[in-house]
Amino acid sequence: MTTRVAIVGGTGKLGGVIREVVEAEEGYEVSSVLGSGSDLAELDGADLVIDASTPAVSIDVVRAAIERGINVLVGTSGWSNERIALVRPLVDAAGTGAVFIPNFSLGSVVGSALAAAAAPFFPSIEIVEAHRETKVDSPSGTAVRTAELIAAAREKVGPVQSPHVDQRARGQQVASVPIHSLRRPGVIARQETVLSGAGESLTIVHDTVDPATAYAPGIRIAMAAARAASGVIVGLDSFIDIGVRTRPARPEAPIVEDDVSGQVAGVTSA
């Protein structure tokens, strides 16, 4: 059976990549492509809605899909845990599925998981993220997700140490983690998570250098999961086992690193 997909924001950069993936994937077809200002009645007849619109429009897209009993895959930035909590009762009542993916890049998912795994061991943690100047929201959804994972991993040890956060130049706090956002030409997407302790620091860096190549594997995974999803699910890591634990444990087997083209992930210490 072919899954008919309605793509909202399908004329944007991310939406264009999603459209190419849907058109190339067996068992899927694009039923409609909507802009951020389109009539959401155009969602009618779809089996799956993929939202790549804008933060201001995304909430209406999600609600429209839920009202129509259609599962929705959300790639739009700006969905914090607090915002997702607003639609969770609607999803549960409708018996549909809503999947929120802050970043479709597999390398980004690994980077955030590594930051969460290291988080309990470092009292000071800050995030610096950079995107092209056309990105309308800040901090990025990936940075927000990373901060929330860090906070969850530090549940037993408490919030991070972040002095002088009353000063605007110290960034925006998300789950106690200061986030600093850069918006400038010459960059696609880059995130650094800097973890510091007595006498040392650990920096986890992820760069996206080719979005179409980097996002496509994650989009395919998310599409398949969203088609059959029930309830609210957050993060690509919900559907893949990347072999990273957030609490110390005896290793059961060595972790094999897969080469994912189109992106560069690095861990440096100083």
Side-chain angles (χ1 to χ4, degrees), residues 9 12-18 20-21 52 55 75-79 100-119 122 124-150 153 171-172 174-175 177-196 200-222 234-240 242-244 246 255-270:
K13 291 183 175 65
L14 175 59
V17 175
I18 292 172
E20 291 179 359
V21 172
T76 303
S77 191
W79 284 91
F100 296 86
I101 306 295
N103 197 313
F104 287 106
S105 158
L106 300 182
S108 175
V109 173
V110 173
S112 295
L114 290 172
F122 294 87
S124 174
I125 306 173
E126 305 202 21
I127 297 172
V128 182
E129 55 95 354
H131 286 77
R132 66 185 89 201
E133 74 279 15
T134 55
K135 185 172 176 59
V136 299
D137 63 306
S138 60
S140 70
T142 304
V144 170
R145 173 66 172 167
T146 305
E148 291 172 344
L149 290 173
I150 287 170
Q172 177 178 328
V174 176
V177 180
I179 301 178
H180 312 270
S181 298
L182 309 181
R183 297 292 175 264
R184 59 186 180 86
V187 65
I188 296 175
R190 177 182 176 87
Q191 178 169 295
E192 300 180 31
T193 305
V194 183
L195 305 97
S196 302
E200 63 177 347
S201 68
L202 170 69
T203 301
I204 300 169
V205 183
H206 177 262
D207 281 302
T208 299
V209 296
D210 182 351
T213 307
Y215 297 159
I219 292 171
R220 286 192 289 268
I221 292 170
V234 182
L236 196 61
D237 51 307
S238 300
F239 312 117
I240 55 177
I242 59 177
V244 177
T246 57
I255 298 172
V256 179
E257 295 182 357
D258 294 326
D259 178 32
V260 181
S261 59
Q263 58 193 5
V264 181
V267 180
T268 62
S269 63

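Every value quoted in this text rests on a predicted model; they were computed, and no experiment measured them. We count residues from 1, following the sequence as given.
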Does Leu236 reach the side chain of Asn103, with side-chain heavy atoms less than 4.5 Å apart?
no
If you look at every heavy atom in Ser181 and Pro139, which pair is closest and at what distance?
OG-CA, 3.3 Å
In Val174, Ile101, Asp237, Val109, the residue satisfying side-chain contact (heavy atoms from CB on, under 4.5 Å) with Arg145 is Asp237
Rounding to 0.5 Å, atoms CD1 (Ile219) and CG (Leu14) come to a distance of 6.0 Å
How close do Arg183 and Ser138 get, heavy atom to heavy atom, and via which atoms?
NH2-CB, 3.4 Å
Please tell me whether Ser105 and His206 have a donor and an acceptor in their side chains that are separated by less than 3.5 angstrom.
yes
Using distance alone, with no hydrogens and no angle criterion, decide if Gln191 and Thr146 have a side-chain donor and acceptor under 3.5 Å apart.
yes
Indicate yes or no: at least one non-hydrogen side-chain atom of Pro55 is less than 4.5 angstrom from one of Val136.
yes
Scanning both residues in full, the closest heavy-atom pair of Glu126 with His180 reads OE1-NE2, 2.7 Å
Closest heavy-atom pair and its distance - Ile125, Pro178:
O-CD, 3.4 Å
With a 3.5 Å distance limit and no angle check, can you tell me whether Glu129 reaches the backbone of Ser140 through a side-chain donor-acceptor pair?
yes
Just how far is it from atom OG of Ser112 to atom CD1 of Ile127, taken to the nearest 0.5 Å?
7.5 Å
Atom NZ of Lys135 with >12 non-hydrogen neighbours under 6.0 angstrom
yes
Which distance, rounded to the nearest 0.5 Å, do you find between the OG1 of Thr142 and the CZ of Phe104?
10.5 Å
Measure the CG-CD1 distance between Leu106 and Ile221 for me, rounded to the nearest 0.5 Å.
5.0 Å
Distance in Å, Gln172 CD paired with Ile179 CD1, rounded so as to fall on 0.5 Å steps:
7.0 Å
Would you mind reporting whether Pro211 and Ile188 have side-chain heavy atoms less than 4.5 Å apart?
yes
Show the nearest heavy-atom pair for residues Ile204 and Gly111, with the distance to one decimal.
CG2-O, 3.8 Å
Report yes if the side chains of Thr193 and Ile150 come closer than 4.5 Å at any heavy-atom pair, otherwise no.
yes
Nearest-0.5 Å distance, OG of residue Ser77 to CG of residue Asp137
3.5 Å
For Ala52 and Ile18, work out which heavy atoms get closest and say how close.
CB-CD1, 3.9 Å
For residues Val234 and Trp79, determine if any side-chain heavy atom of one lies less than 4.5 Å from a side-chain heavy atom of the other.
no
